[in-house]
Every structure is written in structure tokens, then in C-alpha cells.
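Report on one structure; see the data block that follows.
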Amino acid sequence: MAHWLMKSEPETFSYEDLVRDGKTVWDGVRNNQAALYLKAMKVGDEAFFYHSQKGLEVVGIARVVREAFLDPSDPAGRFVAVEVAPVRALKQPVTLAQMKADPKLADMKMFKQFRLSVCPVEPAEWKAILAMAGET
DNA sequence: GCCAACGTTGGC
DNA sequence: GCCAACGTTGGC
């Protein structure tokens, strides 16, 4: 099972919104690299839900409930979307500053290509971030 | 097919 | 609000 990190601006769509809605279509991705990651997602894969712009922290975990399909918001039909549902909020959010300060996370994809709205998380990175959130 | 201009994202 | 990163577009 693969792990991911998905970014969302909380003022547009926050983790609380996801919990309220029960699930959401993760669309609007207009980047080829991010689209490749979306296509690689399998039902059951878990993803950290990260708040960009405001908050700058991982606040919860989401689960893929529907694999890549044509993005209904893309009239050209070039890009795909997935559907995700909330799993649980982290006990303690993990901030970007915390992640940057941890040498174990120095190679994270999200630092290499910080503009991507979706990026993979290695198993060791996943565990390290969970530990930082006070979960084991 | 190259490359400059432009647009978007997101941290600071 | 600024700026760096970087993908995309369009003229040649």
C-alpha cells in the first residue's frame, strides 16, 4: 500500500470540510506529474492531508475510496481525479517547520517539488510523521 | 525544436 | 505582497 501527501488550502477545502462531507472528489489537478501520482493511487491507499497557505501543517489522514477517473472539472478530458474519505485527524498536527527540521524527512518529495499538490510519501517518512503527531 | 515570456503555486 | 521554482505557451 502506498502513501501520499495531498495539499489543500484550508480556506478552499479544509480537513474539517472533508470530515463534514464524508468524502470528496479530489479534482482540479492540472499538472502532469501530479496526475501520474493520482493514477498510481489505489483504493485503500492513505494520504496525509496538508493545509497549505494557512496552517502549513499535516492535520489528518485521508483514504482513497475511488481510483483515478476523468476529472469532471476538466473540459479537455486530459486530467484525472480521485475520491478520498477522511480516516482520522492527527492527535497533534505536524507543521512544515517540524518536518523540515527532521533529517529523516530531508528527502521528502514535497520539499523537492513543493508546488505539486500531490506527492508520494515513503514508508519511513510516513512512520516518522505519525510519530511526530504523537501516534505510534 | 529552442527559448523567452508568462502564469501558477506556495513559503516567507 | 513578494519572490523563487517550474510548468506551459507561443513566436521564430
Side-chain angles (χ1 to χ4, degrees):
Chain A
M1 186 174 76
H3 292 110
W4 310 91
L5 183 143
M6 310 175 99
K7 296 181 182 179
S8 183
E9 296 179 34
E11 293 191 337
T12 305
F13 190 83
S14 69
Y15 188 73
E16 290 72 30
D17 292 330
L18 178 62
V19 170
R20 186 197 59 214
D21 294 352
K23 67 176 180 180
T24 194
V25 173
W26 198 274
D27 61 4
V29 171
R30 294 292 181 271
N31 176 285
N32 284 310
Q33 186 60 57
L36 286 177
Y37 292 143
L38 286 183
K39 286 177 187 168
M41 289 184 184
K42 300 289 181 215
V43 166
D45 280 1
E46 290 185 329
F48 284 130
F49 195 103
Y50 174 80
H51 281 172
S52 63
Q53 314 275 24
K54 283 269 195 94
L56 307 185
E57 57 192 10
V58 174
V59 292
I61 298 174
R63 190 170 57 89
V64 177
V65 294
R66 184 178 172 195
E67 289 168 23
F69 56 97
L70 274 184
D71 185 340
S73 74
D74 176 19
R78 293 174 58 204
F79 293 102
V80 294
V82 296
E83 217 166 61
V84 296
V87 175
R88 66 178 186 276
L90 294 182
K91 274 188 205 160
Q92 290 179 298
V94 178
T95 66
L96 179 67
Q98 281 178 279
M99 292 190 278
K100 278 188 168 176
D102 191 331
K104 287 197 294 294
L105 303 178
D107 288 333
M108 278 191 78
K109 287 281 195 313
M110 75 171 294
F111 300 144
K112 299 270 162 75
Q113 273 188 291
F114 68 88
R115 292 174 320 101
L116 282 186
S117 51
V118 178
C119 61
V121 176
E122 297 301 318
E125 296 165 350
W126 182 267
K127 286 178 70 175
I129 292 171
L130 279 183
M132 291 162 90
E135 315 207 357
T136 42

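The sequence lines fix the lettering, A, B, ..., with proteins before strands; numbering per chain opens at 1. Keep in mind that the numbers below use all heavy atoms, side chains included, and drop hydrogens, waters and symmetry copies. As the structure is a prediction and not an experimental result, all values here were calculated from the model.
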- Item | Check against side-chain contact (heavy atoms from CB on, under 4.5 Å), M108(A) and V121(A) | CA-CA 7 Å; M108(A) 278 191 78; V121(A) 176; 4.2 Å; yes
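With ring centers used as reference points, F49(A) lies under 6.0 Å from W26(A).
In this structure, E11(A) places its CD atom where only 12 or fewer heavy-atom neighbours from other residues, nucleotides or ligands lie under 6.0 Å away.
A salt bridge is absent between D45(A) and K42(A): the closest approach of a Lys/Arg side-chain nitrogen to an acidic carboxylate oxygen does not fall below 4.0 angstrom. Comment: E83(A) engages K23(A) in a salt bridge, judged by a side-chain N to carboxylate O separation of less than 4.0 angstrom. Salt-bridge annotation for E122(A) and K104(A): absent, with no side-chain N of the basic residue lying under 4.0 Å from a carboxylate O of the acidic one.
Residues from residues 98-114 of chain A lying near DNA chain C, meaning a heavy-atom separation below 4.0 Å, are K112(A), Q113(A), F114(A) in numerical order.
When all heavy atoms are compared, the tightest approach of I129(A) to V94(A) is O-CG2, 3.6 Å.
In 5' to 3' order, the nucleotides of DNA chain C bounding all contacts with chain A (an atom under 4.0 Å from a heavy atom) are dA5(C) to dT8(C).
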